[in-house]
Amino acid sequence: MDAFVAFHNDKSLVKKYLKSLLIGELAPDQPSFESNKKKSLLEDFRELRCTVEKMGLLRPNYTFFFLIFLHIMILDAASWLVVWYFGISLLPFMVGMAFFIVAQIQMGWFQHDLGHCSVFRKPKWNRLLQIVVISVLKGLPASWWNHLHNQHHAKPNCFRKDPDLNMHPLLFSLGKTLSVELGKKKKKFMPYNYQHKYFICEYPHFLAVLYDKCFCVYLPRYVESTWFIWVSQMNHIPMDIDYDKNKDWVSTQLHATCNVKQSLFNDWFTGHLNFQIEHHLFPTMPRHNYWKAAPLVKALCDKHDIQYKSKTLLTAFVDILHSLKDSGEHWLEAYLHG
């Protein structure tokens, strides 16, 4: 129920497609809450969502997103104009590449907005522009990204349900439970006790080679991948990672996410994903409204004694390495003595 509401702004449109899937309704004497779900938390969250809707926080500001798109196009054009005008000697090449990298990562954040249908009110306009941004300008399939990313939002940090955890155990050992389990089974695909060291270079390289091995393409893709990975993982890897415990929607999101403190730079650098808690609770909310919803979400967490984590950007980056180091040590202990 709560996940359905979170993912779909236009309920009437979606229900047209759901009619053929209806197999029955709960009898009046059947409970509407599972025993392991926090009923009071969900009721308060649903009240909070009504407040958010009444405040207009789910409505996009077209001027904001126009300026986002305009600054991306200016950066992208500048990357080519610098090389075209000044030639391909080292300095103009490096300056042009810097513009190109920033444009590409900002395209990534923008297509993320479009994928969540938070730029336009009608889903079809979001989908069309997303195809232009991610497929035409970045060279990736929009359907592939949407399919994986929606799964991530439905069950963040739940192994075998969150595709973002598919790097376990091939590249990394994640979370205490999964790491101990891996160690006891005597499985070793990588030297996980050193994963906090090779994370810095290996994961970005793994993504970058998916594009091209040509140096002129590989180098900017490597830098872009590094930027993307550190930002996307700082909110999740340090949080609870485990098998799905069938928690309620709100608890699942809050235990799997944390925030990075707001500043103009942090907002721009992360595409407003420094407000990861608000983003996961309200995935269709336009990013320019996260800061308005944050105090309301924090009050909800305080009321139900749930920690609302917010860090500096540097601390968030360092916590990735600390978390990987801890997981690697849990794996090693179980591998040697389990």
Side-chain angles (χ1 to χ4, degrees), residues 1-9 11 14 17-18 21 32-39 41-46 48-49 111-113 115-118 141-182 203 228-229 231-259 273 275-285 287 290 293 297 300-301 304 306-309 316 319-320 323-324 327:
M1 168 66 178
D2 295 287
F4 174 81
V5 172
F7 283 125
H8 305 289
N9 280 335
K11 311 297 186 299
V14 178
Y17 296 94
L18 291 179
L21 302 176
S32 59
F33 285 92
E34 295 178 61
S35 59
N36 61 323
K37 305 296 172 67
K38 296 180 178 179
K39 184 176 181 179
L41 174 62
L42 289 177
E43 288 175 342
D44 285 345
F45 173 72
R46 290 168 185 174
L48 170 60
R49 183 174 178 89
Q111 76 82 26
H112 175 261
D113 297 321
H116 280 290
C117 296
S118 63
S143 58
W144 165 80
W145 185 90
N146 288 331
H147 175 67
L148 295 179
H149 195 64
N150 287 335
Q151 291 180 67
H152 160 70
H153 268 269
K155 290 289 184 178
N157 281 15
C158 294
F159 185 51
R160 296 204 176 106
K161 293 189 176 181
D162 181 357
D164 285 10
L165 300 184
N166 287 346
M167 54 187 168
H168 173 97
L170 185 61
L171 294 177
F172 301 99
S173 179
L174 302 176
K176 181 179 179 180
T177 301
L178 301 179
S179 298
V180 170
E181 178 186 68
L182 201 64
Y203 199 13
F228 170 79
I229 287 165
V231 169
S232 63
Q233 299 305 315
M234 68 182 183
N235 306 107
H236 293 300
I237 283 184
M239 304 303 290
D240 296 336
I241 297 177
D242 206 337
Y243 291 99
D244 183 15
K245 300 298 184 182
N246 195 30
K247 296 177 181 177
D248 57 81
W249 161 261
V250 181
S251 297
T252 299
Q253 306 305 318
L254 291 175
H255 291 151
T257 55
C258 63
N259 279 3
L273 293 181
F275 288 98
Q276 193 73 205
I277 297 173
E278 288 70 29
H279 172 57
H280 266 256
L281 290 175
F282 307 101
T284 61
M285 179 182 287
R287 59 161 126 157
Y290 291 154
V297 174
L300 176 73
C301 292
H304 292 273
I306 298 174
Q307 187 176 12
Y308 182 94
K309 290 187 177 181
D319 280 353
I320 297 176
S323 178
L324 290 173
S327 298

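Numbers here simply count residues along the sequence, with the first being 1. Basis for what follows: all heavy atoms, side chains included, without hydrogens, waters or symmetry-related copies.
- Taking 4.5 Å as the limit, every side-chain heavy atom of N9 sits out of range of all side-chain heavy atoms of C117.
- Checked by atom type and distance alone, the side chain of D240 never pairs as donor or acceptor with a backbone atom of A256 at under 3.5 Å.
- The salt bridge (Lys or Arg N to Asp or Glu O under 4.0 Å) test with K155 is passed by exactly one of D244, D162, D164: D244.
- Counting heavy atoms from C-beta on, the side chains of H112 and H279 come closer than 4.5 Å.
- Checked by atom type and distance alone, the side chain of N259 never pairs as donor or acceptor with a backbone atom of K309 at under 3.5 Å.
- With rounding to the nearest 0.5 Å, the separation of CD in Q276 from NE2 in H236 is 4.0 Å.
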Evaluate L174 against M167 for side-chain contact (heavy atoms from CB on, under 4.5 Å), listing each step before the verdict.
CA-CA 9 Å; L174 302 176; M167 54 187 168; 3.8 Å; yes

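- Taken to the nearest 0.5 Å, the CG atom of N157 stands 7.5 Å off from the NE2 atom of H152.
- S323 places a side-chain N or O within 3.5 Å of a backbone atom of I237 that can act as its donor or acceptor partner.
- Minimum interatomic distance between W145 and G115 (heavy atoms only, all atoms of both residues): CZ3-CA, 3.9 Å.
- Atoms SG and CZ, on C301 and F45 in that order, are 10.5 Å from each other to the nearest 0.5 Å.
- The backbone N or O of S118 lies less than 3.5 Å from no partner atom in the side chain of D113, so there is not a single donor-acceptor pair.
- Smallest separation of non-hydrogen atoms from F7 and T284: O-CG2, 3.6 Å.
- Judged by distance alone, the side chain of Q253 and the main-chain N or O of H153 form a donor-acceptor pair under 3.5 Å.
- At a threshold of 4.5 Å between non-hydrogen side-chain atoms, the residues L41 and I306 count as touching.
- Between R49 atom CZ and L42 atom CG the span is 13.5 Å, to the nearest 0.5 Å.
- Counting only heavy atoms from C-beta outward, the side chains of E181 and Y243 approach each other to under 4.5 Å.
- Listed here is the closest heavy atom pair of M239 and C258: SD-CB, 3.7 Å.
- In this structure the side chain of L254 reaches within 4.5 angstrom of the side chain of I277, judged on heavy atoms.
- Residues K161 and P163 approach most closely at O-CD, 3.4 Å, considering heavy atoms.
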Pair H168, I241 - check side-chain contact (heavy atoms from CB on, under 4.5 Å), show working.
CA-CA 11 Å; H168 173 97; I241 297 177; over 6 Å; no

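- Annotation: side chain of R46 is not in contact with side chain of V5 (no heavy-atom distance under 4.5 Å).
- Taking each heavy atom of S327 and G175 in turn, the nearest pair found is OG-N, 3.2 Å.
- Atoms CG and OG1, on L273 and T257 in that order, are 11.5 Å from each other to the nearest 0.5 Å.
- Atom OG in S232 sits 7.5 Å away from atom CD1 in I320 (nearest 0.5 Å).
- Between H280 and H255, a ring centre-to-centre spacing not shorter than 6.0 Å is recorded.
- Looking only at side-chain heavy atoms (C-beta outward), D44 and L48 stay at 4.5 Å or farther from each other.
- The shortest distance between side-chain heavy atoms of V297 and F282 falls below 4.5 Å.
- When each of Q111, M285, H149 is checked for a side chain to side chain contact (heavy atoms under 4.5 Å, CB included) with H116, only H149 meets the rule.
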